[in-house]
Amino acid sequence: MNKFSSTPAVNQRAKAVDQVMRGVITTLALVSFSFIFLILLFTFKEAKDVFFDAETRQAVLPTLLSTNWQPVSENPKYGIVPLLIGTLKTTLIAMVIAIPVGVLAALYTACFAPIWLREIIKPVVELLAGFPSVVIGFFALFVLAGALQTLTGAEFRLNALVGGVAISFSAIPIIFTIAEDALSSVPKSIQEASYGLGATQWETAFYITLPAAYPGIFAGALLGFGRAVGETMIVLMATGNAPISSWTLTDSARTLTATIGAEMAEVVFGDPHYNVLFLIGVVLFLFALLLNSIAEFYIKAKLMRKFRGS
Amino acid sequence: MNKRLLGNFYIGITAFAALLIFLLVAFILLDIFRGGLAKLSWEFLTQPPKEGMTAGGIFPAIYGTVVLVLLMTILGLPLGIITAIYLSEYTTAENWLARTVRFAVSNLASVPSIVFGLFGLGFFVQFVGTGIDAVVAPKDEVIYGKPALIWAAATLAVLTLPVVIVSVEETLRAVPRDYREAALALGATKWQTTWKVVLPNAVGGILTGAILAVSRGAGEVAPLLFTGAAFFLPKLPNSLDDQFMHLGYHLYVLATQSVDVEQTLPLQYATTLVLLALTFLLNLSAILIRYRFRQKLIRT
């Protein structure tokens, strides 16, 4: 007996159900797809007054590119320069640590480690990726900050360096995972050719496999960079949150994300301050979009073409 | 000889990087276990905070987190799974719509979580919530147009959507083509094939994706900062428009805004341990299910 019955009447019903389900599924897929536009639309909708409302424009634009972020004062100033500097400082520190550690560990895992060790390293990295960022922030606040202060003799316990180092903990798993993926998908034939010509294991890894996987590694670094820029709880807890325009690594810093996180809950809806915070959100969103598009392009287009050997 | 030494040196550097990650994870875990276990007790898990948050337990925060995560799952999971079914069963890889959806999904995954919080405030609270109030609420009363449990859950549902879609689509694609072709050859419609052949074979993977999404959602705090989490509430939330306490938010507040941070440090450690245990248990069960599912696929 056939599970899918074959009398004409039932057949017709099955066809009708099939049509309905096709419609339902396509519609719901479109709904979840439309969220990305809704996100852009609604963050922009709340930010647009900065440019399109005369009063808000008057209040915000003259000071937007200044070095003073004092949104709650008699004479509010909305200079985002210190926030940009804060974001750049913490992100760069995080990248200086996360890229070498992530890529080298990936190289070890993909090219040198015995299989049993590989099966341990990967879950451990997944474990690190699974730490909620508020937990890493907590660790940075109470353990890392003290250790780094003893090490550097910094004046303030919480500063950009602490934040940057802590962010690297959350960027390492992303960079590692994507780099490891790219390294282990380099065709074995290329590596065997290298062995065949008399190259050693490390020569093959460093001069053949690593360059071949370069687009994937680059994409991983980009996505790690994006993660570092967007990280909120860690910087909120570990950087000291003072919006000062200083490039000194051991000064306190405040990032774009931390500003939204710290101030949005107390702001008056529709206030210029509220609009500026949404504007910062739009900037973060577009930046993530840009980084992700470049990374996708590198993973898909470059890597594929390389291995097909055109 | 010299060359071999150099080789060992290079390999040693890469091994050191891997070791560094090991040590980091071990150190964080040890520190939190050592600090947290001392304070952890049945009372801590079942009592509300006392004496201005300097004593007592974290029951309301655990309760809030669980309710939030359940709501998030109900709101987001079906949508995510259906989108994945659409991508894997109803389109080909070259279809422009499928490519756009896939592009949107991968971008959604890379948007900072704080931006999702802004979206939750601008869309769910201000637009949807105020809209509902205009219809159902008595004049000048705000019921849904304010940060609340339901909006925080909806925000997290959108945040975890990409996680669900990506992992479910992957498992659906792992179901062998032959199964589908056999069903279609017997005269089954597309939907019958999907419902009775593809989905039963992918249950394990779908469960894995769901749990991964839930554990991601359970650990996120940034989107909750202004969509409904509260510092302290005298009673548990019992309706969708109530505010709620949350483990991660509780930890954040204790660590940064408490009057006497040093005194509450043991409380913070124990809270961290509970939060970590919650997300790890979820992750671990996902890994175990994935493992058993793989074994089953290999056997058949």
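It should be emphasised that the depicted structure is a prediction, and the values quoted were computed from it without experimental measurement. Order of the sequence lines sets the chain letters (A, B, ...), proteins ahead of strands, with each chain counted from 1. Just so it is clear, the values below take in all heavy atoms, side chains as well, and ignore hydrogens, waters and symmetry mates.
Looking at B/T100, the atoms closer than 4.5 Å to chain A (heavy atoms on both sides) sit in the backbone and in the side chain alike. Neither the backbone nor the side chain of A/E266 comes within contact range of chain B; no heavy atom of the residue lies under 4.5 Å from a heavy atom of that chain. For A/V143, the part sitting under 4.5 Å from any heavy atom of chain B is the side chain, from C-beta outward, and nothing else. Looking at B/I82, both its backbone and its side chain come within 4.5 Å of chain A, counting heavy atoms on both sides. Residue A/I172 touches chain B through its side chain alone, counting heavy-atom pairs closer than 4.5 Å. Using a 4.5 Å cut-off between heavy atoms, A/E203 contacts chain B through its side chain alone, with no backbone atom that close. When heavy atoms are compared at a cutoff of 4.5 Å, B/L161 approaches chain A solely by way of its side chain, counted from C-beta outward. When heavy atoms are compared at a cutoff of 4.5 Å, A/R227 does not approach chain B at all. For chain B, the nearby part of A/F142 is the side chain; its heavy atoms alone come within less than 4.5 Å. In this structure, the portion of B/Q126 lying under 4.5 Å from any heavy atom of chain A is its side chain and not its backbone. Neither the backbone nor the side chain of B/L254 has a heavy atom closer than 4.5 Å to any heavy atom of chain A. For chain B, no part of A/F44 is nearby; none of its heavy atoms comes within less than 4.5 Å. Heavy atoms of B/F124 lying under 4.5 Å from chain A belong exclusively to its side chain. Neither the backbone nor the side chain of A/I136 comes within contact range of chain B, judged by heavy atoms closer than 4.5 Å.
In this structure, the side chains of B/Y252 and A/L141 stay at 4.5 Å or more apart for every pair of heavy atoms. Contact of the B/L118 side chain with the A/F278 side chain is registered, since non-hydrogen atoms from C-beta on lie closer than 4.5 Å. In this structure the side chain of A/I260 reaches within 4.5 angstrom of the side chain of B/F226, judged on heavy atoms. Inter-residue side-chain proximity for B/I11 and A/Q201 is flagged as met; some heavy-atom pair is nearer than 4.5 Å. Taking the side chain as every heavy atom from C-beta outward, B/F16 and A/L104 never approach each other to under 4.5 Å. Residues A/V135 and B/I32 are in side-chain contact: their nearest non-hydrogen atoms beyond the backbone lie under 4.5 Å apart.
Among all heavy-atom pairs drawn from B/S110 and A/A288, the shortest one is O-CB, 3.4 Å. Of all the heavy atoms in A/L107 and B/T14, the pair that sits closest is CD2-CG2, 3.9 Å. Heavy atoms only, all atoms of each residue included: A/V134 and B/G248 are closest at CG2-O, 3.6 Å. Here the shortest heavy-atom pairing between A/A105 and B/A17 reads N-CB, 3.6 Å. Summarising the geometry of A/A14 relative to B/Q192, their closest heavy-atom pair is CB-NE2, 3.7 Å, with the distance given to 0.1 Å. Across every non-hydrogen atom of A/G230 and B/P112, the tightest pair is CA-CB, 3.6 Å.
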I'd like to know whether A/S133 forms a side-chain contact (heavy atoms from CB on, under 4.5 Å) with B/V221, so could you lay out the CA-CA distance, the side-chain angles of the two residues, the decisive distance to 0.1 Å, and finally the verdict. CA-CA 8 Å; A/S133 63; B/V221 179; over 6 Å; no

Working note: B/F280 + A/L127, criterion side-chain contact (heavy atoms from CB on, under 4.5 Å); need CA distance, chi angles, decisive distance, verdict. CA-CA 8 Å; B/F280 278 3; A/L127 206 64; 3.9 Å; yes

Check step by step if side-chain contact (heavy atoms from CB on, under 4.5 Å) holds for A/Y274 and B/L121. CA-CA 11 Å; A/Y274 172 86; B/L121 185 65; 4.2 Å; yes

Pair A/F139-B/T272, side-chain contact (heavy atoms from CB on, under 4.5 Å): steps then yes or no: CA-CA 9 Å; A/F139 178 78; B/T272 312; over 6 Å; no

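Comparing A/T257, A/L236, A/T200, A/L291 by how many heavy-atom pairs each has under 4.5 Å with chain B, the most go to A/L236. In terms of heavy-atom pairs under 4.5 Å with chain A, the best-connected choice from B/A218, B/P223, B/A18, B/G80 is B/A18. Note on B/L20, B/N283, B/I85, B/V158: by heavy-atom pairs under 4.5 Å with chain A, the leading option is B/V158. Your options are B/F116, B/F123, B/F22, and the one with the most heavy-atom pairs under 4.5 Å with chain A is B/F123. Interface check for chain B: of the options A/L128, A/V125, A/I39, A/V101, the most heavy-atom pairs under 4.5 Å are formed by A/I39. Contact count versus chain B (heavy atoms, under 4.5 Å) is highest, among A/E46, A/Q19, A/M21, A/E126, for A/M21. The candidate with the highest count of non-hydrogen atom pairs below 4.5 Å against chain A, out of B/P78, B/A109, B/A255, is B/A255. Put simply, of B/I114, B/L108, B/L225, the one with the most heavy-atom pairs under 4.5 Å next to chain A is B/I114. Of the residues considered (B/T256, B/L276, B/T279), B/L276 shows the highest number of contacts with chain A, using heavy-atom pairs under 4.5 Å. Chain B forms the most heavy-atom pairs under 4.5 Å with one residue out of A/V103, A/I25, A/V17, A/I280, and that residue is A/I25.
Judged purely by atom type and a 3.5 angstrom limit, A/D18 uses its side chain to pair as donor or acceptor with the backbone of B/W191.
Within a 6.0 Å sphere centred on CZ of B/R99, heavy atoms belonging to other residues, nucleotides or ligands number 12 at most.
A/L30 contributes atom CG, which lies 9.0 Å from atom OG1 of B/T83 (distance to the nearest 0.5 angstrom). Taken from CD1 in B/I21 to CZ in A/F169, the straight-line distance is 11.0 Å, to the nearest 0.5 Å. Between the CG atom of B/L87 and the OG atom of A/S32 there is a distance of 7.5 Å, given to the nearest 0.5 Å. Rounding to the nearest 0.5 angstrom, the gap separating the CZ atom in B/F127 from the CZ atom in A/F42 is 4.5 Å. One distance of note links OH of A/Y108 with CD1 of B/I13; it measures 13.5 Å at 0.5 Å rounding.
By the 30° and 60° cut-offs, the orientation of the rings of A/F35 relative to B/F119 is perpendicular. In this structure, B/Y269 and A/F138 have perpendicular ring planes: the angle between them is above 60°, well past the 30° mark.
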